[in-house]
Amino acid sequence: MRTNGMKKKILTGLATVSTGLLLAACGNTSETGDPEETNVNVGILQYMEHDSLSKAREGFISELEEADYIEGENLTINYQNAQGDQANLQSMSESLIGENDVILSIATPAAQSLATVTQEDPILFTAVTDPVDAGLVADNKVPGGNVTGTSDMVPIEAQVALLLSLAKDAETVGIIYNSSEPNSKIQADLAQKAIEAEGLEVKTLTVTSTNDVQQVMTTLAQEVDAVYIPTDNTLASTMPTVGEIALEYKLPVIPGSAEMVEAGGLATYGINYEELGRQTAQMALQIIEEGAETAEMPVETSNNLELVINEEVAESLGIDPESIVLPD
């Protein structure tokens, strides 16, 4: 699982190890030969507000800017945020169709909502774990419709190995996620299988909203020796609370994403959502500049996985951040 020659860079509160080449900025290859002569309309539907999803959006827009598509000049962005309210998705989805060259959907509920209101407008998704299971594409290699994008499936076995290396005396590992998020259940089930394969017991508790997190996490913390959290939207939005409880009970927490580590987790080997957003923007540029068809554009996974360590949390748990590495 480790990459030979890996480097570790210590930042303020974080240590990051990149295992992929930074995404190169796209060149100006539009059919007109000059993005300045083209006005591009992009719709964005984001399911809710938290660091991972927002970083994906910011990375997407930044990559377009580096390709010389500048909002307010030759780029118009219609951004909608459902704030985690399923009822908002339908009306917001309808407001975005028919007006944009491409629509970005951030998180599975947003992508599913858009896919139900148009089978013609090109839709890109990001922060979707299993596009096939979510009914967004027929096949990851050949999507076959107007929807494709980037998956945020994480290397769960590597994350579990990292967790167990940091909690060597653990007997019971807790898993917490929102039971209404199918993507989270997929990851939780895979994590449970990997943990149990190592001979440890798994205690799983679920929440239904952000209001449940403090109580459920406190209950879980009293019964386990370490905690694994998938890239769950509800838990991602409440990671500061999760982190505080974990520190109170001296528990290492391995969440699914870098942003969740920044917000209170100990460490992870996972996705940088800003880079995933940039990768999705490269797909958008293929549609905008080259006329690429979503039906024939394979779903992509992250080009850039990172080992990310929250230095402050590590030191609070009595762990030397420099000692944290991916197990062989």
Side-chain angles (χ1 to χ4, degrees), residues 1 19-21 23-24 26 43-47 52-53 55-57 59-60 63 93 102-160 177 181-191 193-194 230-233 256-258 268-306:
M1 282 175 269
T19 64
L21 296 176
L23 300 175
C26 290
I44 299 178
L45 179 60
Q46 183 170 323
Y47 174 53
S52 296
L53 302 188
K55 288 289 187 180
R57 184 187 76 248
F60 182 87
E63 189 73 8
S93 296
V102 65
I103 305 173
L104 172 67
S105 56
I106 308 178
T108 301
Q112 289 173 322
S113 179
L114 280 165
T116 62
V117 299
T118 178
Q119 286 75 52
E120 297 179 2
D121 296 49
I123 299 169
L124 291 175
F125 56 74
T126 192
V128 170
T129 300
D130 191 335
V132 175
D133 184 74
L136 296 172
V137 300
D139 183 271
N140 284 331
K141 293 183 179 179
V142 185
N146 66 316
V147 183
T148 188
T150 57
S151 166
D152 65 352
M153 176 60 83
V154 295
I156 290 173
E157 290 187 359
Q159 291 178 344
V160 168
Y177 67 96
E181 293 192 29
N183 288 339
S184 300
K185 177 168 174 45
I186 290 169
Q187 295 174 66
D189 288 347
L190 290 170
K193 182 178 179 180
T231 54
D232 180 279
N233 289 308
S257 73
T268 195
Y269 177 61
I271 288 170
N272 180 311
Y273 276 86
E274 181 176 356
E275 293 298 329
L276 193 66
R278 286 180 174 273
Q279 189 174 336
T280 315
Q282 291 183 358
M283 298 179 73
L285 290 168
Q286 293 177 44
I287 294 170
I288 294 166
E289 299 182 343
E290 303 170 21
E293 297 287 340
T294 54
E296 300 172 358
M297 299 175 68
V299 173
E300 298 183 10
T301 54
S302 176
N303 286 338
N304 191 33
L305 297 177
E306 298 177 328

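Treat the numbers as computed from the prediction; the structure is a model and nothing was measured.
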query = What closest approach, in Å, do V142 and A295 show between heavy atoms, and which atom pair accounts for it?
reply = CG1-O, 3.7 Å

query = Side chains of N304 and R278: does their closest heavy-atom pair fall under 4.5 Å?
reply = no

Within-4.5 Å side-chain heavy-atom neighbours: P155 and L305 = yes

request  = Tell me, yes or no, whether the heavy-atom count around Q119 atom CD, taken from other residues, nucleotides or ligands under 6.0 Å, exceeds 12.
outcome  = yes

message = Is any side-chain heavy atom of N140 closer than 4.5 Å to one of V132?
response = yes

Distance-only side-chain donor-acceptor flag, E275 / S302, under 3.5 Å = no

request  = State, yes or no, whether a side-chain contact exists between L53 and N233 at a heavy-atom distance under 4.5 Å.
outcome  = yes

query = Taking the side chain from S113 and the backbone from A110, do they hold a donor-acceptor pair closer than 3.5 Å?
reply = no

remark   = What one should report as the nearest heavy-atom pair of T231 and S257 is CG2-N, 4.0 Å

query = Side-chain contact, heavy-atom cut-off 4.5 Å: S93 with L45?
reply = yes

ask   = Hey, what do you get for NZ (K55) to CG (L276), rounding to the nearest 0.5 Å?
value = 14.0 Å

ask   = Are the side chains of Q279 and T126 in touch, meaning some heavy atoms are under 4.5 Å apart?
value = no

remark   = Between the CG atom in D130 and the CD1 atom in I186, the distance rounded to the nearest 0.5 Å is 4.5 Å

key: N/O donor-acceptor pair under 3.5 Å between Q159 side chain and G256 backbone   = yes

key: P131 to V299 - nearest heavy-atom pair and separation   = CG-CG1, 4.0 Å

task = State the CD-CD distance between Q187 and E181, to the nearest 0.5 angstrom.
result = 9.5 Å

task = Side-chain contact test, heavy atoms from C-beta onward, threshold under 4.5 Å: evaluate it for F60 versus I106 and give yes or no.
result = no

D189 vs K185, salt bridge (Lys or Arg N to Asp or Glu O under 4.0 Å): CA-CA, chis, key distance, verdict = CA-CA 6 Å; D189 288 347; K185 177 168 174 45; 3.1 Å; yes

query = Any idea which heavy atoms bring V137 and P143 closest together, and the distance?
reply = CG1-CB, 3.7 Å

message = Give me the atom names and distance for the closest heavy-atom approach of S105 to I123.
response = OG-CG2, 3.8 Å

message = Return the OG1 to CG distance between T108 and D152, rounded to the nearest 0.5 Å.
response = 7.0 Å

request  = Can you see which heavy atom on E63 is nearest to which on Q282, and at what distance?
outcome  = OE2-NE2, 3.3 Å

inquiry  = Using 0.5 Å steps for rounding, measure from the CD1 atom of I271 to the OG1 atom of T301.
reply    = 8.0 Å

Nearest-0.5 Å distance that lies between atom CE in M153 and atom OG1 in T150 = 13.5 Å

task = Identify which one of N146, L114, V102, I44 satisfies the side chain to side chain contact (heavy atoms under 4.5 Å, CB included) criterion when paired with L124.
result = V102

